[in-house]
Amino acid sequence: MKARVHITLKHGVLDPQGKAIGHALGSLGFEGVGDVRQGKVIELELAETDEARARAEVEQMCQKLLANTVIENYAIELQA
Amino acid sequence: MKARVHITLKHGVLDPQGKAIGHALGSLGFEGVGDVRQGKVIELELAETDEARARAEVEQMCQKLLANTVIENYAIELQA
Amino acid sequence: MSADPNTIRVTPNIAAEHGLTADEYAKILEIIGREPNLTELGIFSAMWNEHCSYKSSRVWLKTLPTTAPWVICGPGENAGVVDIGDGLAAVFKMESHNHPSFIEPHQGAATGVGGIMRDVFTMGARPVANLNVLRFGAPEHAKTRYLVGGVVSGIGSYGNCMGVPTVGGQTSFHASYNGNNLVNAMCVGIAPADRIFYAAAGAIGAPVVYVGSKTGRDGIHGASMASAEFNEDTEEKRPTVQVGDPFTEKLLLEACLELMATDSIIGIQDMGAAGLTCSSVEMADKGNVGMDLDLDAVPQREAGMSAYELMLSESQERMLMVLKPEAEAQARAIFEKWELDFAVVGRIIDTGRLVVSKDGKVQADLPVRPLSDEAPLYNRPWNETPQRPLIAAGDVPAPNSINDALLNLIGSADLSSRRWIFEQYDHLVMGRTVQRPGGDAAVIEVPDRPGKGLAVTTDCTPRYCQADPFEGGKQAVAETFRNLSAVGARPLATTDCLNFGNPERPDVMGTFVGAIKGLGEACKALDMPIVSGNVSLYNETNGKAVQPSPQIGAIGLIDDLDRTARIGFGGTQHTILMLGDGVGHLGASLYLREIAGREEGAPPPVDLAAERRHGDFVRGQIEAGKVTCCHDISDGGALVALAEMALASGIGASVAMPHENLPHHAFWFGEDQGRYIVAVEGDGADLQDAANRAGVPALVLGMTGGDALTVDGASPISLGTLRETFEGWLPRYMAGEPA
Amino acid sequence: MKAAIVVFPGTNREVDMKDAFERAGASAVMAWHGDAEVPDCDLIVLPGGFAYGDYLRCGAMAAHSPIMKDVVKKANAGQPVLGVCNGFQILIEARLLPGALLKNASLAFVCRDVHLRLDHAIKPLTGNLVEGDVIRVPVAHGDGNYFADVETLKRLEGEGRIAFRYVAGPGEAESRANPNGSTADIAGIVNEKGNVLGMMPHPEDATGPRQQSLDAVPLFAGIVEALS
Ligand SMILES: Nc1ncnc2c1ncn2[C@@H]1O[C@H](COP(=O)(O)OP(=O)(O)O)[C@@H](O)[C@H]1O
Ligand SMILES: [Mg+2]
């Protein structure tokens with residue numbers, strides 16, 4: 001089973017990378033670009049085949065390591 | 001219109017971060033974790049409302065700035 | 001690549017695709033007495049390409065001076081080794097990563113830094129200082145900004161993570177590098193002088209051990225790529241780029257040094273260009289033995305790798321070692337502690353052959369000796385570079401104002417401050433950086449030897465080498481000698497990185513030959529043997545070569561760090577003197593290029609006897625504690641040097657031409673060699689006396705003080721204006737402003 | 001006084017730290033991240049570097065090292081803990097200190113001298129520095145941009161827990177004072193009890209006779225005196 005974890009900065013948390021990208025796009029001549037935010041995706045191969053158990057496990061991984069819940073949100077996607 | 005760009009390392013390119021995360025999950029006691037890869041997501045707000053034009057524009061942004069096409073692939077998702 | 005490339009029959013065409021000429025292929029057939037299979041061909045092509053075999057340069061490299069009583073190990077090993085006293089040795093080398101850095105600047109530069117550090121710690125030394133030489137295309141060129149950004153972040157990311165301070169380097173811009181930037185990385189390490197590790201692997205039956213990262217399909221053919229001229233579709237090819245993992249290398253460093261503190265290693269070799277092939281052949285060759293390799297035991301990152309791929313992969317952060325048989329368990333424990341792969345992948349055998357097996361089958365069986373000894377050797381035809389005319393000072397128009405010319409120069413791409421670069425490098429980690437980037441040579445305190453200093457620098461002036469490779473070659477060495485002398489260091493030895501175009505073109509080969517002759521002469525005269533180095537050829541695009549760039553890295557010793565000099569003025573009301581004099585040489589100068597818009601003329605000649613006399617004199621004065629502020633005069637001439645001294649200290653100066661023998665602009669911006677500016681308390685009379693006795697001209701230029709630079713009584717330039725001009729260019733350029 | 005300096009895979013300023021404590025007359029031992037316990041000591045130090053390469057998030061993986069359980073336990077029991085640079089990042093990831101350290105606003109690594117003002121003396125960790133003192137010390141980091149939500153910031157301010165702030169040095173432009181974009185120019189904070197200090201700059205590299213500044217000597221001298 002494969003899991004994909006999307007990690008994004010919480011609303012209200014400054015995003016220096018997103019800001020810099022927005023700025024750079026502007027200087028490259030792209031117009032009409034509003035807010036830009038950068039996040040992470042982590043893709044994991046899991047031995048677990050049961051979806052519910054896999055989800056619970058990845059949830060644990062996020063809580064413990066993958067995300068910093070002080071500043072980040074995460075969302076889990078599973079693919080068989 | 002909102003765009004979401006997923007940027008992942010090309011197949012076969014070493015991913016030191018993914019490797020270290022996989023290793024750390026192992027030491028935290030998570031079992032059965034295979035390959036781990038880390039990528040980026042960039043979310044953009046666009047003034048453009050026409051889907052085709054928006055896609056073309058984001059495609060340009062990826063080529064020029066967002067992705068390092070030597071080692072990275074990208075995929076674009078649009079949401080109205 | 002199909003699962004078993006060895007089923008492909010090798011043809012002369014395939015050999016040609018591997019960069020082997022018809023003659024070279026014929027020689028291979030003769031050596032092995034049959035057709036090679038693809039893996040064997042790959043091994044030959046890797047060993048025989050320019051990068052590994054030095055086939056175009058070897059005959060000339062042999063002419064360089066490489067020995068001195070203090071040289072412990074000269075060229076031929078991973079790095080040069082020099083005795084620095086107190087039981088210690090300095091281990092250092094410079095290497096190019098030009099092509100990879102053009103294709104992927106961040107990763108290319110990062111892996112260049114990783115590679116050179118491995119060369120140094122393979123020999124048992126802990127790296128203590130990194131330097132880097134960067135040559136980019138014209139600032140206006142569309143790709144330059146992107147390359148600068150990527151290369152600098154790449155160098156920083158690797159060195160910073162390793163915890164090795166990056167303390168110096170050189171950066172310049174010129175259109176000849178538009179399609180081929182240069183990235184040369186240098187690393188200096190310190191080891192106990194009696195515990196240096198070499199590649200030779202002698203003992204029959206001893207285990208061959210692979211440690212570090214797993215092998216993937218990284219940079220296969222990277223070594224060949226480094227020797228192939230670029231053309232328009234190179235940017236399309238985009239071969240498998242190597243990604244650096246500095247974290248793994250940091251672990252590898254610590255694990256290797258921990259193992260080296262025990263008595264376990266017979267031979268050790270890092271896997272650099274052409275990975276497992278080069279390292280195994282070199283170890284076997286130097287040990288005069290053979291090697292049996294079992295590729296199934298090699299830790300692999302990807303499934304289904306063939307013998308061909310495993311032998312040629314350039315995955316980073318890997319080492320090959322031959323251990324004493326009884327030491328295996330202890331070694332394994334150390335690498336496991338550092339969470340690194342450790343695998344016995346072979347044995348030393350007595351047949352003199354490299355036998356590579358996989359899946360229970362022999363995949364390659366080649367005699368070791370001819371792979372290196374019978375590598376092709378070319379004495380390429382070369383044309384002497386025509387002499388350019390000398391340009392007399394009077395033939396170069398004066399600027400509208402000396403002040404404006406100075407501001408133009410210090411605000412130009414080549415002379416403005418490199419702060420934007422070196423602030424992205426951790427130049428302080430290890431806590432022993434005594435002189436930071438921004439001066440002449442950087443100085444670090446030798447670990448565990450309080451008060452003892454090691455000075456390091458890199459230099460070369462490609463526009464001189466373009467104008468006259470021989471004088472330019474001399475000048476590159478002389479300027480490192482000067483940078484070291486200016487901080488009071490005794491020059492010890494050098495490393496080189498020779499970046500040139502296509503050696504198959506006699507004009508290019510002529511520049512190479514000229515430069516080597518110049519380097520050799522200067523190294524001899526200044527007693528700075530070349531103990532390691534690297535050659536990078538084919539730096540050209542569409543038949544246009546880069547400026548000849550024989551980059552020199554040098555190290556020197558300071559016995560007492562209380563006796564050293566810095567570039568900043570030490571106080572106000574100090575007398576400023578120029579040591580050395582000149583004719584106001586403006587040929588091939590930055591003044592001529594930036595202000596007069598001309599790239600022509602012969603470069604300043606280097607009088608090596610005067611160079612030595614002047615350098616020895618300044619150093620003597622610094623060692624005697626009489627001079628504590630010194631800067632050598634180089635690009636841009638005396639006035640640029642004075643501006644840099646004022647800015648470094650925040651103390652102004654008032655100076656005037658000491659004689660009227662020359663046009664003012666020739667005096668202030670001439671690039672005559674072998675000169676220094678010093679500032680001393682009092683009226684400088686003692687220093688002048690001493691200089692006279694030593695046969696060194698010493699001219700009083702003026703006094704320090706105030707917060708402006710005043711030249712020949714013209715209107716003062718405030719330090720604020722100077723600083724803004726000097727510090728402004730690079731950050732503004734990198735922020736996207738037009739060059 | 002004895003300091004225990006924790007070494008993680010990728011730590012690289014442990015020797016700088018050891019030198020600083022030894023110069024101040026203390027002894028220092030290295031502690032390995034994989035051990036279950038910190039050796040007996042008066043002060044636990046998490047030094048600078050790139051633990052686990054700074055991959056994922058700086059300090060994230062190191063915060064889960066076996067030894068960190070013991071560090072957290074001892075910190076909660078009141079033992080003094082000093083985290084510098086990567087050490088500060090690890091303390092944050094271990095939730096011993098609030099907020100987060102984001103990428104520098106410039107997105108680039110920055111190594112240079114900065115000026116720090118001591119806003120709140122917190123004994124013993126700010127040593128003999130006096131409130132209002134300005135010291136020149138280097139920074140060397142890529143992720144030192146301190147961020148906390150408004151409430152946390154208010155609490156830090158109100159409780160006097162912002163120990164160090166970046167300020168402009170003599171003749172230095174205001175715009176250059178803050179090297180990383182930190183909220184409210186925050187360079188170092190303490191926990192509620194005041195026994196855990198995290199800071200981004202490297203005071204340990206401003207204590208040696210051949211380093212460019214000796215301004216952090218009173219900091220180390222004070223810590224050593226207080227804990228001896
Ligand atoms: N790429 C670089 N990395 C680090 N330091 C650099 C780099 N380029 C230049 N520098 C530093 O900037 C200063 C000025 O360089 P340069 O003008 O070449 O000095 P010099 O003429 O004395 O050799 C030196 O201290 C040098 O080490
Ligand atoms: Mg110089």
Side-chain angles (χ1 to χ4, degrees), chain A residues 1-11 13 15-50 53-68 72-75 77 79, chain B residues 1-11 13 15-50 53-68 72-75 77 79:
Chain A
M1 177 149 271
K2 273 194 183 184
R4 219 194 212 191
V5 181
H6 277 258
I7 299 167
T8 48
L9 282 172
K10 284 190 177 163
H11 191 73
V13 176
D15 177 6
Q17 308 198 62
K19 213 169 120 186
I21 294 170
H23 186 81
L25 288 173
S27 14
L28 283 175
F30 290 103
E31 278 164 33
V33 181
D35 205 29
V36 181
R37 309 278 287 173
Q38 177 170 327
K40 282 182 268 213
V41 208
I42 297 168
E43 295 176 330
L44 309 138
E45 306 234 19
L46 301 174
E48 182 58 67
T49 49
D50 177 81
R53 270 195 306 247
R55 183 172 297 277
E57 202 180 4
V58 177
E59 179 75 36
Q60 275 296 308
M61 295 179 190
C62 290
Q63 287 286 343
K64 270 207 177 162
L65 181 73
L66 301 182
N68 175 351
E72 293 170 330
N73 292 322
Y74 60 87
E77 242 176 79
Q79 290 153 9
Chain B
M1 178 149 267
K2 273 194 181 181
R4 219 193 213 194
V5 181
H6 277 257
I7 299 167
T8 48
L9 281 171
K10 284 187 179 167
H11 187 74
V13 173
D15 178 5
Q17 309 225 40
K19 181 174 135 188
I21 294 169
H23 194 85
L25 288 173
S27 340
L28 282 176
F30 291 102
E31 279 165 33
V33 180
D35 206 28
V36 180
R37 307 279 286 175
Q38 176 171 326
K40 281 187 277 207
V41 212
I42 297 169
E43 296 176 330
L44 309 137
E45 307 235 18
L46 302 174
E48 182 58 66
T49 50
D50 177 81
R53 270 195 306 247
R55 183 173 297 276
E57 202 180 2
V58 177
E59 179 77 34
Q60 277 295 309
M61 294 179 190
C62 288
Q63 287 285 344
K64 279 205 175 157
L65 181 76
L66 303 182
N68 177 353
E72 293 171 334
N73 290 323
Y74 60 88
E77 241 177 79
Q79 292 152 8

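Throughout, protein chains are lettered first and strands after them, A, B, ... in sequence-line order, and every chain is numbered starting at 1. In this text the structure is predicted, and so the values were computed from the model without any measurement.
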What distance separates [X] [atom1] from [Y] [atom2], expressed to the nearest 0.5 Å?
| X | Y | atom1 | atom2 | result |
| --- | --- | --- | --- | --- |
| B:Gln38 | A:Leu44 | CD | CG | 10.5 Å |
| B:Arg37 | A:Lys2 | CZ | NZ | 10.5 Å |
| A:Arg4 | B:His6 | CZ | NE2 | 5.0 Å |
| A:Ile21 | B:Ile42 | CD1 | CD1 | 4.0 Å |
| B:Gln17 | A:Lys40 | CD | NZ | 7.5 Å |

Against chain B, work out which of A:Glu31, A:Glu48, A:Glu57, A:Lys64 has the most heavy-atom pairs shorter than 4.5 Å and name it.
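Top option by heavy-atom pairs under 4.5 Å: A:Glu57.
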Which atoms of B:Ile7 are under 4.5 Å from chain A, going by heavy atoms: the side chain, the backbone, both sets, or neither?
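Nothing of B:Ile7, per the 4.5 Å heavy-atom cut-off to chain A.
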Top of B:Val33, B:Val5, B:Thr8 for chain A proximity - count of heavy-atom pairs under 4.5 angstrom
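The candidate making the most pairs under 4.5 Å is B:Val33.
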